[in-house]
Structures are given as structure tokens and as C-alpha cells.
There are 4 protein chains.
Amino acid sequence: MADALEERPLSRSAQREADILEAAIHLFGEEGFQSVTTRKIAARAGISEGTLFNYFSSKNELMRAILERIYEELRDNASVILREHLDSRTRLQLLAENHIEVMSRDNALFMRMIQAYMNVDLAGYTSIRGSVLHKLNLSYAWVFDTTVQEAQRRGEVRDDLNLSALRDLFFGGLEYLSRSLFLHEAFDRMSERVGSLVEPLWQSMLPQAPAEPDRLEQACERIEAAARRLAKQAAKA
Amino acid sequence: MADALEERPLSRSAQREADILEAAIHLFGEEGFQSVTTRKIAARAGISEGTLFNYFSSKNELMRAILERIYEELRDNASVILREHLDSRTRLQLLAENHIEVMSRDNALFMRMIQAYMNVDLAGYTSIRGSVLHKLNLSYAWVFDTTVQEAQRRGEVRDDLNLSALRDLFFGGLEYLSRSLFLHEAFDRMSERVGSLVEPLWQSMLPQAPAEPDRLEQACERIEAAARRLAKQAAKA
Amino acid sequence: MADALEERPLSRSAQREADILEAAIHLFGEEGFQSVTTRKIAARAGISEGTLFNYFSSKNELMRAILERIYEELRDNASVILREHLDSRTRLQLLAENHIEVMSRDNALFMRMIQAYMNVDLAGYTSIRGSVLHKLNLSYAWVFDTTVQEAQRRGEVRDDLNLSALRDLFFGGLEYLSRSLFLHEAFDRMSERVGSLVEPLWQSMLPQAPAEPDRLEQACERIEAAARRLAKQAAKA
Amino acid sequence: MADALEERPLSRSAQREADILEAAIHLFGEEGFQSVTTRKIAARAGISEGTLFNYFSSKNELMRAILERIYEELRDNASVILREHLDSRTRLQLLAENHIEVMSRDNALFMRMIQAYMNVDLAGYTSIRGSVLHKLNLSYAWVFDTTVQEAQRRGEVRDDLNLSALRDLFFGGLEYLSRSLFLHEAFDRMSERVGSLVEPLWQSMLPQAPAEPDRLEQACERIEAAARRLAKQAAKA
DNA sequence: AATGAATGAGGGTTCATTCAT
DNA sequence: AATGAATGAACCCTCATTCAT
């Protein structure tokens, strides 16, 4: 009893739930969703198998709860980032770093849980649309949209951006980068790698359509030339 | 169509193998790798369960064969694209469209098989690196690198591109786009969506650092000036 | 009989375990290890197949448990024999009878389990040496060694016996005798047959190297001569 | 064709049969009866799976054929030994050595085949009695009986031997010795070990009940001494 | 005689979930 | 609330044997 005195004392059942989640997160990360049995989870959480199902009605539900927590954390971190940093470029960089950090943690647990969840969702003849995962994902992806839209309001980036495409590039690119970092165990250079990824995206968003100046010059000159010729012909006529 | 007409009939065993693959592809796409049993596959292929294992030594091996064939197809298509189109921008667009098409086919089978395979790889004590999947992936990702590098040789794009980051953005972005199309069953507008995704990438690769707004402003003014002149002359005429 | 009357009822799970063992022993004895399926065992024990694996982690483990129990029984019986009987010749006889009894029971289950276990051991990459079976065997064979060594200390048998060879003859001979009894269903004369087998062994252990007939003849004559002399002197007296 | 010219040409089918047996013997010895599949045997024999069954109607039949050959070899060797050696003690030694050699060969193939065969026999609800194995065994065990009986006729050993018990001791002891040698890979001292095993058996067969000569001598002397003392006392008296 | 593709009836084992205690 | 024994359907895979060619 005494050892919990200093902390906000979780109710017994809240503590149990936390224990189960901790155990599941650790084990899923270590061995993968399929390989981990509810028996192992219960054992690591220090409870009996039956009790586990008093807290989470199924193994899939446990997975869902974990995903929810991770998304919640992603959102919370994102809020802090947006609150503490005003510069849009910095915001994107930090959002990306946070995304990578959370995805890679616990032996890439998050990535693998998402994959497992997609399998479950599809296997169960459930449409992905309307699935819990989809909702979580939407509510989180919103922070990217917000950031870009605010940058647009400030005039930092172009107005005619295709937000959906940029979002796909951003999160898709980060997922691939995450796999790459995981593969090569190169997390020490994460921040730099993230920078390399965000930079081209950012460049493409800047107001100036990167046009080939020479071509623009030439185009202007051609129009002017045409105008001159027309003027001459008009004069002749 | 014509290219299949002349084919000699497959040998009995080649036909069986094709039947099994067809059945597996269909079922995996429909219900997911885990949910499909070897019994179901055998039943759909019209053979006994034992026979299946004469052709593919395990269920995982069957999955591997499917992945290999899809990667092979991706590479073949990519080769044709590179051969028939010289313009780098067009190449990227077509490579992307091909990627999406193959990924989305059969109820997003490919995407899901990759995920399933990663689970298998991670669950075993095999490192992903050095796994079959990784090799296939590498050999295919090479076509993107090649395309960009040739564009660099031609001077179409900058020399100092971060190839790895662009690759992650390209394939990662396509994967997310693919999910999105799949979700909204919006494949009719696929080509356009791909264009929206490739465009910012391409822009970021162009040699020109984004011009200052002033230059564009000036160009517009010159064009408008030319237009005014033309208008006046027209009025005279 | 009396010793079982007072026993407290087995706990539920201990009872289940006993049920499973009983079922397995019976079936293995009747049909052989390979032919008996876990399904059959579970059915006979009145449980589901899954439950069986809650008690014994594998079919092989079940076999191991049976072997262990039989060896334990052999050792226990042997201890009682050694405690209750001091005469070495009697000890050997009773040890042999006990061995035969246990080996022959349940349709020669024990003999066959050992063979099955050796197959398992050899098939796996485990060396027989160091295997569980080997340890059990060693700890039991020890009672024979002990008996002989005590006989040596008492001077009943020679000091220069080859214990290892005698042990092989003892247990090997008993195994063959057991097969023979089993074959001819001649267990009613078991005790007599065991005696015939132990006798030559015992004879070979006795201190006296076989004397030449002449020596024995001479000794008898000398004794008779002495007796005659005594008889004469007695007559004088 | 030409390559078989110099040897007594086996008919093609005889050669095939020999190939199959060779393959089976090698594989059974290496991996055990159960673990070896007919596929492996066919592959090693250089024939197709189907062909194997033209020569041996079942896998069990193949095992039976192997056992028969080994027993035949045992008998043949035994005949030679009896023909070439007249001394009974030497005969037993050589018979024993031959037995061990054949049993231990090919990774203890023979021992393991016998075990496998017993399982098959029992599993098939066949009585061991009347089984092929039993007949083979009987016809071979006959050489031991013959040897002992001839020794009895010559008067080398006692007339009242229990032949059955001695046979069990002989073959049973050899089987255990064989296991022991196999276990400790101590075949270099085989001949010596066999001697240690045969010796006590032989001793027990010798006509003279083994008595300690010294003790007999001493006893006689004591009796004589006692007689002398009595004589002296009687003389004094 | 020879082939080898096809068989198909199980084999042992797993594990999320339930429910009587 | 907590337990943990019991479930049982389903899993992937094996392999001796057959038989059309």
C-alpha cells in the first residue's frame, strides 16, 4: 500500500487495466500481435487469464485500446508542438519527428499494430471506412491539415495546395522512412533524415511556383514579340 | 489480348500451379492471409489439400510466390514504361499509376500480403534485412532511382537531390493514396490523384530554387502590358 | 490394500491427471504408442483434447511421465525388498521378480514405452546419454549394483566381479525372459523361471573358482580318511 | 550395360531390389524407421516412389525384408563360426562378438528395426507369437542351443543346464551390452567386454559347482588337524 | 515395368474465450 | 472481482499408397 501513497492512487481496476496494457504493449512489440497469447499477457500482467477478459472483452479489443492510446498520445504531442512553436516549417519538422518516434518505439509496435488491425478489419468483412482505426487516423491527420492551412492563412505557402496529396506524401513518406530507420537501426540520425524528407515537401509548398525562370523570361519575350508583330501588322494595315 | 491467344497450353502441372495461385490470390484478397485456410485454397483450386503441398511447400511459401510474381510484374511493367517514355515527368507519373494499379488490385491484396509477410518475417528470428521481401523490394525500388538519376544526367532536375528521401515520399505517398482510393472506391479518378501527388514531388526536384515573388510579379506586369498594347492596337484596327 | 483406504480424495486436477495417465497407460499398452492418438486418450479420460494438453504439454511428455512413474515404482519396490530381506540371493530373486512383474504389466507396456522413447530420443538430435530415460535407468540400475556390492562386503561373493557385465546379464536376461513369458502367457510359473535365470548368475558370483573334479574327489577322500581315523580312535576310547 | 559385364550380372529387377534395400538400410540406420519416408528411400535408390511399391508392397514389408536379411546374415556367420571353431568357449565368444557387431552396425539399425517391428506387430493386433520376427529369432537362437548341447555331449559342461534361461541371459546380456557400447561409443574394447560377459555364463555352466579351492583345502586341513588332535588326546588318555 | 502426380484421412497442437467456483 | 480449468474447432502439414499414363 505504502508504495503507491505518493502517486495519485489509481483505483485498483484502473491499475489492473494499466498493467494489462503495459504487458500487452511490451509483448506485442517484442513478438508481434499474432504470436502473443492472452495467456502470456495475463502472466506478465500478474493476473489470471479470465481476469483479462473482464477488462478487455477480446484480444482484438485490447489491440484497439492500444492503438487508441497511441493515437491519443500522438495528438497530445502534436498539440504541444503546435502550441509551443509558431513557425510552420518547424512545426512540420517536429510533427514528423514525433510521428517517427512514436511509430518506431517498442520495436515498431505501432506500425505492426496497424498492420494487424487492418488484417482483422478486412478479415471480419468490416469496411475499413467507418472502422475505429480510420476514425483515429482521421482525427490525428487533422493536425497536419491544420498546420498547412494556418501557413496558408499567414501567406507562407501557396493557396492552391492539394492538401490530400501532401498529407499522403507526408505520412506515407514518414512510414517508409520509419521502416528504413528500423531496418538499418539508424535512429541516431533520425532528425536529419526527417529534415531531408520534409524539405522537398516544404519547397513544393512555397508560394513561388518553381518555374524555370529562363522559360518564363522567354515566354514573356515571345508574348511581347508577338504583340510587337501584331502592332506592326496593324500599322501596315 | 492478342498476346495470350497464341500461347501453347500449359503443361498439366503448370496449369495446376496457376490454378492454385489464382485461388490463393483471390481468397487472400477476399479474406486476408490469416483467415484463409489451405483447405479453402485447395477446394477453390479443385484439388486435394495434400496436392497443394506438392506444389508449394507451405502456406508461407505460397505467399512468397505470390509476392514474387507481383514484384516481377511491377518490374516488367516499369521496364516497358521506361522504354516507351523518355520524358522523366511522364515516367514518374506512369510508374506511379502502375504502382497504384498493382497495389490496389484484388482488394488491395498486394498491400496486405506485404504486411502479412512482414509479420512472418518479424515473428521468425529472421531479420527483415536479407529477407526475400526486402530483396524483391530493393530490386523494384531501383526503377525509381534510375529514373531520377537519368533525369539528373539530362539536367532536368537538380544534382543535389536526396534520393532516399524522395523514394520514401514517392512510395510511401503512393501507399497512402492507394489506401485512400481503396477506402473511397474512387479509382476512376486515380490518374488525376496520382498527378496531384507526383506534382509537388516533381516541383521540388526542379533545378530552380523558387523564384522571389517579385520576378513573377514583373513577368505578369510585362504580359499585361503586352496585352494592353494588343488591345489598343485591336481598338485602332 | 489398507494403505489406500485412508487416502484423502485427490484434488480435482490431481484426479484429472490420474485419469489421463490411466487412459494413456491402458491405450498405449493395448495399441502401442504410435497408434494411439491424443484424441483417443482424451476420449477415454473423459475430457476434451485441449484439456489433455493443459496437463501434459505434448504426447511425448505424457510418455515421459508414464516412464518416470514406472521407474519410481520400480525403485520404491526395490527399496522395500532391500529393507525387508537381508539375504543377497533372496534379494536378487525378489528384485528380478519385481522387475518382471512391472515390465510385463499392461501388455508389456513398459518394455514398449522404453522402445518408443528410445526412438524419440534417437530421432531428435538429443543424445540418448543425458536423456531423461538414461537418468531414470541409471538411478534404478543402482539397486542391483548396491546389492552385489553389499554381498561382496559380506564376503558372500567374489571381490573381482565385473559388475557391469553382471548387470547387463541380469537386466538383459530379464527382458528376454519377460518377452518369453509374455509370448507364452506363462506368468504362473514366473517365479520358477526367474529362479532358473538368477541361479547361474549367482553361481558365477560365488567365491569358489570351480575346482577340478579330482580335487573335490581328493578332498572327500581326505575328509573320509579323517573320519575313519576319528572313528578308530573313538572305538579305542 | 557394359559396366555390369564383369560382375555376376544381377537381373535388372534384382539390382533394383538391392538398391532399394541398401537405401532403406542406410536411411533407417541414420534417421530411424518412422522418420524415413518412402520418398526419401526412393530418391536415394534412384527410383520413383511408385516403383518402390512394385518391389516391396509396403514400408513395413521393406522393414521385414531387412530384418530377414540381417537374421540370415547372423545365421550364416554363426554357421561359419561353428564350422571353423571346435572349442565351445571360443564358439560362444565368437557368436557373441558376431551378434554385437551385427546389432551395432549402421548406427544400431538392427536394434532399432526390431523395436519398430515389435510396435508394428502389436499395433496390428497380431500376436507376436507366429509373427515373422519370432520365427526369425527362433531359427537364429537355435545356434546357441546347438553350441551348448554339443558342449554337453562332449562333457565340457553340466548336463542339467536350463537352456532357456542361459539363452535369455546370453542374448539379453548382449543386447544390453550393445546398448552400453553404443551409448559410450566404446566399440574398440568390444571383444574384451564380450569376454567379461560370456565368462560368468561359462563359469556357471561348468560341471563343478564353484567352490573356493582354498577354503576347501583349509576345511580339509582343519578337519584333518582336528582329527590329529583328537588322536593325540586319545593317545594321552 | 516405371512413373510421379494425386490423394485424404488424420496427425499433434494451439488458443481465445467461457463459466462454475 | 477474480480465478484457471475446460473447451473444441480449426490449424497446417504429412506421407504411405494408388493408378492413369
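Residue numbering restarts at 1 for every chain, and letters A, B, ... go by the order of the sequence lines.
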S57(C) or T51(D): which one's nearest nucleotide on DNA chain E is closer to the 5' end?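 Looking at the nearest nucleotide for each, T51(D) comes out on the 5' side.
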Could you say whether G50(D) or V36(C) is positioned toward the 5' end of DNA chain E, judged by the nucleotide with the nearest heavy atom to each?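 Residue closer to the 5' terminus by nearest nucleotide: G50(D).
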For DNA chain F, stems built from three or more consecutive Watson-Crick or G-U wobble pairs below 3.5 Å: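 The stems that DNA chain F takes part in, listed by first number, are E:2-21 with F:2-21.
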What is the distance from [atom1] of [X] to [atom2] of [N], rounded to the nearest Å?
X	N	atom1	atom2	result
M63(C)	dG12(E)	CE	C1'	13 Å
E49(C)	dG11(E)	CD	P	9 Å
F53(B)	dG11(E)	CZ	P	17 Å
F33(A)	dA16(E)	CZ	C1'	10 Å

Residue whose closest nucleotide on DNA chain F lies nearer the 5' end, S58(B) versus R39(C):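 Looking at the nearest nucleotide for each, R39(C) comes out on the 5' side.
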By nearest nucleotide on DNA chain F, pick out whichever of I47(C) and T38(B) is the more 5' one.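 Closest to the 5' end, via its nearest nucleotide, is I47(C).
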Would you classify Y55(C) as touching base, sugar-phosphate or nothing, given that sugar-phosphate means primed atoms plus P, OP1 and OP2, and contacts are heavy atoms under 4.0 Å?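 It contacts sugar-phosphate atoms only.
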Describe the nucleic acid contact of S48(C) in one word from base, sugar-phosphate, nothing, applying a heavy-atom distance below 4.0 Å.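 If one applies the 4.0 Å heavy-atom cut-off, S48(C) turns out to touch a base.
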Inter-residue atom distance I41(A).CD1 - I20(A).CD1, 0.5 Å rounding: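 Taking CD1 in I41(A) and CD1 in I20(A), the distance rounds to 9.0 Å.
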Nearest-0.5 Å distance that lies between atom OG1 in T38(B) and atom CG in L27(B):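 The OG1 atom of T38(B) sits 11.5 Å away from the CG atom of L27(B).
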Compute the ring centroids of Y117(D) and F110(D), then answer whether they are less than 6.0 Å apart.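 No; F110(D) has its ring centre 6.0 Å or more from that of Y117(D).
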Taking the six-membered ring of Y71(D), is NZ or CZ of K135(D) closer than 6.0 Å to its centre and within 45° of its axis?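 Verdict for Y71(D): no cation-pi partner in K135(D).
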Are the side chains of L136(A) and E68(A) in touch, meaning some heavy atoms are under 4.5 Å apart?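 Sidechains of E68(A) and L136(A): in contact.
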Would you say R112(A)'s side chain and G29(A)'s backbone share a donor-acceptor pair under 3.5 angstrom?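 Pair found, side chain donor or acceptor close to backbone of G29(A).
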Under 3.5 Å, side chain of D19(B) to main-chain N/O of A45(B), donor-acceptor pair present?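 No; zero donor-acceptor contacts below 3.5 Å.
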Going by an N to O cut-off under 4.0 Å, is there a salt bridge joining E17(C) and R69(C)?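 Salt bridge present between E17(C) and R69(C).
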Hey, where on DNA chain F does chain A first and last touch, going 5' to 3'? Cut-off is any atom under 4.0 Å from a heavy atom.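 The protein-touched segment is dA2(F) to dG4(F).
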Provide the closest heavy-atom pair for F56(D) versus A65(D) in the form atom of the first, atom of the second, distance.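 Of all heavy-atom pairs spanning F56(D) and A65(D), the closest is CE2-CB, 3.7 Å.
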